[in-house]
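Model, not experiment: these values are computed from the prediction. Residue numbers count from 1 along this sequence. What's counted below: heavy atoms across the whole structure, side chains too, no hydrogens, waters or symmetry copies.
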Amino acid sequence: MVGELEFERPVVELKNKINELKEFAKNTDVDLTSEIEKLESRLERVEKDIYENLKPWDRVQIARHPERPTTLDYISHLFTDFFECHGDRYYGDDEAIVGGIAKYRGLSVTVIGHQRGKDTKENIKRNFGMPHPEGYRKALRLMKQAEKFSRPIICFIDTKGAYPGKAAEERGQSEAIAKNLFEMAGLGVPVICIVIGEGGSGGALALGVGNHLHMLENSTYSVISPEGAAALLWKDAGLAKQAAETMKITAPDLKAMDIVDEVVPEVKGGAHRDVRRQAELIDEILKQSLLELKKMTAEELVEHRYLKYKKIGQFSFENDTIGIK
């Protein structure tokens with residue numbers, strides 16, 4: 001099976017066996033209906049056991065799946081009349097970030113998101129979803145335009161991180177990210193952020209300061225990748241699986257810590273199994289968010305955003321020790 005993940009092998013083996021029996025029965029007069037039904041029943045149990053008990057590293061693998069839906073995939077299913085805008089009016093256009101104006105259920109909105117490729121050619125074009133400074137400046141330009149015309153902003157987050165190359169640093173990568181954080185905090189329109197794949201480091205945060213932050217069930221959100229954390233902590237990137245367990249980077253973990261507002265359920269096996277159905281699941285959460293936030297004034301939206309981030313990492317003093325809630 002294309003895109004087979006390590007933990008999915010028992011499922012793949014059973015599916016292959018079922019297909020073999022069906023093909024054999026089709027080409028002969030042997031009745032294998034009973035055997036096939038038994039295997040299909042066993043497959044259902046195995047799938048349930050695997051996909052309902054995913055470990056953090058399993059979710060990391062799903063978030064990185066090469067066929068996982070991208071920002072443009074979701075735009076085509078969730079929005080109409082999408083008009084893509086290009087360039088930052090300073091340097092050029094960055095294809096690792098896409099953005100523009102669209103209609104969502106008849107409402108004019110601004111949509112912005114990281115965009116990676118699904119094959120080598122497209123990944124090179126999109127710089128593997130790792131933006132340069134002009135990408136973040138393009139995003140900010142669209143956000144300020146949205147604020148001017150009172151359009152809600154919807155951001156899709158899916159990047160390993162901002163591009164760390166020399167050219168990006170020369171053009172002000174850190175300043176571009178920092179300015180986005182500062183400006184997004186004060187926007188007077190609803191801002192909804194959805195992590196659809198990997199949410200890595202400041203490259204993700206630059207599109208992540210919103211009133212609501214949602215995550216797909218098998219996405220990740222972290223200051224560093226498990227490999228990077230393992231290399232720093234234990235001098236061995238090979239311990240990435242162990243790092244993923246301790247870092248609390250999955251949607252259920254972040255929901256438990258009140259960093260994420262809603263966890264968007266995924267179709268069995270991951271979003272790449274059924275993009276249309278996954279878009280419908282996102283649509284349900286997105287609709288609820290907009291209905292709630294549209295009732296707020298500009299001042300209330302800014303205050304709401306401020307309080308949301310203020311409560312993250314509160315300190316409590318217990319028995320003369322400092323703990324983090």
Side-chain angles (χ1 to χ4, degrees), residues 1-16 43-71 73-74 113-120 122-123 126-130 156-161 194-201 203-204 214-234 236-256 259-260 263-275 277-279 281-282:
M1 185 172 72
V2 178
E4 169 194 336
L5 299 176
E6 181 182 352
F7 66 89
E8 293 181 307
R9 284 177 186 168
V11 172
V12 175
E13 289 171 1
L14 274 172
K15 284 183 176 180
N16 289 339
L43 173 63
E44 188 176 337
R45 293 195 301 271
V46 170
E47 282 186 324
K48 182 177 180 180
D49 182 58
I50 289 177
Y51 293 126
E52 290 185 4
N53 297 283
L54 291 171
K55 295 179 173 59
W57 184 245
D58 298 333
R59 296 190 191 277
V60 170
Q61 290 180 283
I62 296 176
R64 293 174 174 176
H65 196 283
E67 294 299 318
R68 192 165 177 84
T70 65
T71 294
D73 290 325
Y74 289 124
H114 299 97
Q115 182 64 33
R116 55 178 177 77
K118 292 186 178 179
D119 55 37
T120 303
E122 191 181 2
N123 266 318
R126 302 286 184 183
N127 199 38
F128 294 84
M130 297 185 291
F156 292 101
I157 298 170
D158 184 16
T159 183
K160 297 178 185 297
I194 306 172
V195 184
I196 59 174
E198 284 188 273
S201 194
H214 306 310
M215 285 181 71
L216 267 62
E217 185 180 358
N218 295 317
S219 57
T220 62
Y221 199 42
S222 174
V223 69
I224 194 171
S225 68
E227 291 88 348
L232 286 174
L233 293 173
W234 305 305
D236 184 0
L239 297 175
K241 186 175 181 179
Q242 180 180 337
E245 297 279 350
T246 60
M247 289 169 67
K248 307 297 182 185
I249 63 176
T250 66
D253 289 328
L254 294 169
K255 171 64 175 174
I259 293 174
V260 168
V263 175
V264 183
E266 289 197 29
V267 296
K268 187 189 295 183
H272 57 284
R273 302 289 186 195
D274 189 343
V275 182
R277 176 57 185 151
Q278 190 59 57
L281 293 169
I282 292 174

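With hydrogens and angles disregarded, a donor-acceptor distance shorter than 3.5 Å links the side chain of Asp73 to the backbone of Thr70. Counting only distance, with no hydrogens or angles, the side chain of His114 and the backbone of Gly197 share no donor-acceptor pair below 3.5 Å. Using a distance-only test at 3.5 Å, with no hydrogens or angles considered, no donor-acceptor pair links the side chain of Asp236 to the main chain of Ala231.
The minimum heavy-atom distance linking Arg64 with Pro226 is given by the pair NH2-CD, 3.8 Å. Listed here is the closest heavy atom pair of Val46 and Pro10: CG1-CB, 4.2 Å.
Atom NZ of Lys118 is surrounded by more than 12 heavy atoms from other residues, nucleotides or ligands within 6.0 Å.
The shortest side-chain heavy-atom distance between Tyr74 and Gln278 falls under the 4.5 Å cut-off. At least one side-chain heavy atom of Pro69 sits less than 4.5 Å from a side-chain heavy atom of His272. Within the 4.5 Å cutoff, no side-chain heavy atoms of Leu5 are placed close to those of Asp58. Contact annotation: the side chain of Arg68 approaches that of Ser219 to within less than 4.5 Å [non-hydrogen atoms, C-beta and beyond]. By the 4.5 Å heavy-atom criterion applied to side chains, Glu122 and Asp119 are counted as neighbours. Between Leu54 and Thr250, the closest side-chain pair of non-hydrogen atoms is not below 4.5 Å. Inter-residue side-chain proximity for Leu254 and Ile249 is flagged as unmet; no heavy-atom pair is nearer than 4.5 Å. Under the 4.5 Å side-chain criterion, counting only non-hydrogen atoms from C-beta, Phe7 is not in contact with Asn53.
Side-chain contact annotation: Tyr51 with Glu8, donor-acceptor N/O pair under 3.5 Å present.
In this structure, CD1 on Ile194 lies 10.0 Å from OG1 on Thr71, to the nearest 0.5 angstrom. Distance OG1/Thr159 to CG/Asn127: 9.0 Å, rounded to 0.5 Å. Atom CG of Asn218 and atom CD of Gln61 lie 11.0 Å apart (nearest 0.5 Å). Ile282 contributes atom CD1, which lies 10.5 Å from atom NE2 of His214 (distance to the nearest 0.5 angstrom). For the atom pair Ile196 CD1 and Asp158 CG, the distance stands at 4.5 Å (nearest 0.5 Å). Atom CG of Leu232 sits about 4.5 Å away from atom CD1 of Ile224, to the nearest 0.5 Å.
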One pair to check against side chain to side chain contact (heavy atoms under 4.5 Å, CB included): Arg116 and Asn123. What are the steps and the verdict? CA-CA 6 Å; Arg116 55 178 177 77; Asn123 266 318; 4.1 Å; yes
Worked check of side chain to side chain contact (heavy atoms under 4.5 Å, CB included) between Glu266 and Leu281: CA-CA 8 Å; Glu266 289 197 29; Leu281 293 169; 5.8 Å; no
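The salt bridge (Lys or Arg N to Asp or Glu O under 4.0 Å) contacts involving residues 47-56 comprise Lys15-Glu47, Glu47-Lys268, where partners must be two or more places apart or lie in separate chains.
Ion pair Arg59/Asp253 not flagged as a salt bridge, since none of the NZ, NE, NH1 or NH2 atoms sits closer than 4.0 Å to an Asp/Glu carboxylate oxygen.
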